[in-house]
Amino acid sequence: MSKKFDVVVIGGGPAGYVAAIRCAQLGLETACIDKWINKEGKAVFGGTCLNVGCIPSKALLDTSHKYEEAHEKFSLHGISTGEVSINIADMLKRKDQIVKNLTMGVATLFKANGVKALEGTGKLLAGKKVEFTNHAGATETIEADNVIIATGSVPVNIPPAPLTEGVIVDSTGALEFTEVPKRLGVIGAGVIGLELGSVWGRLGAEVVVLEAQDNFLHLVDQTVAKEAKKLFTKQGMDIRVGARVTGSEVNGKEVTVTYQDSEGEKSETFDKLIVAVGRRPYTEGLLAGDSGVNLDERGFIHVDETCMSDAPGVWAIGDVVRGPMLAHKASEEGVMVAERIAGHKAQMNYDVIPSVIYTHPEIAWVGKTEDELKAAGESYNVGMFPFAANGRAMAAADTDGFVKIVADAETDRILGASVIGPNAGDLVQQIVVAMEFGSTAEDVGMMVFAHPSISEAVHEAALAVNNAAIHKANRKPKKK
Ligand SMILES: NC(=O)c1ccc[n+]([C@@H]2O[C@H](COP(=O)([O-])OP(=O)(O)OC[C@H]3O[C@@H](n4cnc5c(N)ncnc54)[C@H](O)[C@@H]3O)[C@@H](O)[C@H]2O)c1
């Protein structure tokens, strides 16, 4: 094995593996180190996203959605099914197969692109050297012209609810329940809490979500958040905001959680508890004292806008650096850094990164929310369109939610969009494209949208910004 590479990437998740592939495509001799061992004891690339994050959670969300549809919605279409049941072991097996296919896919892409996969642990030393320890414990030092750190993040644990085998679990454990919990507690009404709460709730668990903040989904447009809370409550999720968990006690197969809300101390007993209170950057054992790389006050690797760390030639990308902890942000940083190493002037637009919560309905947003614009004293126009007035959504019996677009009052340039409804993640991407091209709401309004399509709700919301929606009543023009 060559002991010198153009680029060594530490971490093989969506940040690291994408960076490694792009580096190799650009003609750089590249190695990618990852220490992940899957539950079969096999070294795999793909990181949290492929192994225990984005992908397996979506597999379970899809299965549970289909189950719920069969159970509750098919009869709407006149379809009778007899008794609908779910085999949890089969559901988990399908999820595991998808994960396997994708992680094997990364290995295949590495081979196809000539990336050297190094299975083991990397540690950054001074002078762009990396100490590599393989799974058998053998250590060697590798030199590189550039090092990219992409070590990701791990779930935050909180002292009031320490993980306890089989009872108190994190997002990884919540993908492996072998039966549907009767009563499921979730700490944190964030992305993970809502997605995993949805999975088990749809399969029959009684779900109680305890959220410390008073505002539900405080980062999301509050009109959307209000609609989401109403819909999730209707689906049976018991969401308690302003509820800070202060302790827990495990008794055999049960856990009693105590929490504080505006009325005082309360408690609830569950047979499973998911802790989903955020993630933190993962840098344990990563940096030698003289590596030259610094962490910021929150433990993220300090980087500039091009993802260069304080040590020249050492870059850091993904969850381990500032910005939203999103796989697609991580991958794009990986591409940007690879291009910069190859001498190109790539940059990334951090203002236009979409976020998606894969509940049903989905919630997605990009750019500014109305609340942010209002707080900043900006002058803006809002256009909204409900799916209840969209023919395709009606045909699919999927009419909850709406599209909301905000645009600059003077220039009409689109500043942001929030969607709650069917395929919200895909719909918001249309506004991502529009925003990247600096489009106005009128520009989107003048485009031709296929009929009948869910996307027409985006078209109508863009038209509504300037009071020109066709399929709903517009605001009355202000009197001059
Ligand atoms: N669909 C996606 O894109 C996706 C999916 C999963 C995870 N992620 C990312 O992973 C990261 C972690 O997700 P997450 O849901 O764990 O974090 P999060 O930050 O989205 O939500 C955590 C929630 O827990 C609450 N909380 C904290 N301490 C609490 C306590 N003691 N009692 C009650 N509530 C408490 C917080 O107020 C917060 O609302 C996020 O950055 C997220 O963007 C993204």
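Counting starts at 1 for both ligands and their atoms, in listed order.
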Stepwise side-chain contact (heavy atoms from CB on, under 4.5 Å) check, Tyr350 with Arg322: CA-CA 11 Å; Tyr350 284 95; Arg322 82 283 176 269; 3.1 Å; yes
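- Two residues are said to be in side-chain contact when any heavy atoms from C-beta on lie closer than 4.5 Å; Ile10 and Leu286 meet this criterion.
- In terms of protein heavy-atom proximity, atom 9 (C) of ligand 1 is nearest to Met325 O, 3.4 Å.
- Residue, atom and distance of the protein heavy atom nearest to atom 36 (C) of ligand 1 are Glu211 OE2, 3.5 Å.
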Verdict with supporting geometry, Thr48 and Arg279, side-chain contact (heavy atoms from CB on, under 4.5 Å): CA-CA 11 Å; Thr48 300; Arg279 299 180 61 88; 3.6 Å; yes
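- Contact annotation: for His218 versus ligand 1, there are no heavy atoms closer than 4.0 Å.
- Of all heavy-atom pairs spanning Asp371 and Gln222, the tightest one is OD2-N, 3.0 Å.
- Considering only heavy atoms from C-beta on, Trp36 stays 4.5 Å or farther from Phe45 through its side chain.
- The backbone and the side chain of Val191 each have at least one atom closer than 4.0 Å to an atom of ligand 1 (non-hydrogen atoms only).
- Closest heavy-atom approach to atom 12 (C) of ligand 1 within the set Arg280, Arg279, Gln260, Lys329: this belongs to Arg279.
- Taking any N or O of Ile357, backbone or side chain, none lies under 3.5 Å from an N or O belonging to ligand 1.
- If you number the atoms of ligand 1 from 1 as listed, the ones under 4.0 Å from a heavy atom of Ile158 come out as 31 (N).
- Atom numbering of ligand 1 starts at 1 in the shown order; those under 4.0 Å from a heavy atom of Glu195 are 1 (N), 5 (C).
- For atom 34 (N) of ligand 1, the nearest non-hydrogen atom of the protein is Ala212 N, 3.0 Å.
- Among all protein heavy atoms, the one lying closest to atom 26 (N) of ligand 1 is Val277 CG1, 3.8 Å.
- Sparse packing is recorded around CD of Glu165, with 12 or fewer heavy atoms of other residues, nucleotides or ligands lying under 6.0 Å away.
- The single protein non-hydrogen atom nearest to atom 24 (O) of ligand 1 is Gly188 CA, 3.2 Å, given as residue, atom name and distance.
- Listed by atom number, the atoms of ligand 1 under 4.0 Å from Ala243 heavy atoms are 32 (N), 33 (C).
- Without hydrogens or angle criteria, His135 side chain to Ala43 main chain gives no donor-acceptor distance under 3.5 Å.
- Nearest non-hydrogen protein atom to atom 19 (O) of ligand 1 is Gly278 CA, 4.1 Å.
- Of the N or O atoms in Leu326, none lie within a sub-3.5 Å distance of an N or O in ligand 1.
- With hydrogens left out, the protein atom closest to atom 22 (C) of ligand 1 is Ala276 O, 3.4 Å, a heavy atom.
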Verdict with supporting geometry, Phe232 and Thr359, side-chain contact (heavy atoms from CB on, under 4.5 Å): CA-CA 9 Å; Phe232 297 155; Thr359 43; 3.4 Å; yes
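- The heavy-atom pair separating Gly204 from Val180 by the smallest distance is C-CG1, 4.1 Å.
- Gly190 CA, 4.1 Å is the protein heavy atom nearest to atom 18 (P) of ligand 1.
- Geometrically, Lys272 engages Phe177 in a cation-pi contact, judged by NZ or CZ lying under 6.0 Å from the ring centre and within 45° of the ring axis.
- Lys368 NZ: 12 or fewer foreign heavy atoms inside a 6.0 Å radius.
- Annotation for ligand 1: atoms under 4.0 Å from non-hydrogen atoms of Tyr358 are 1 (N).
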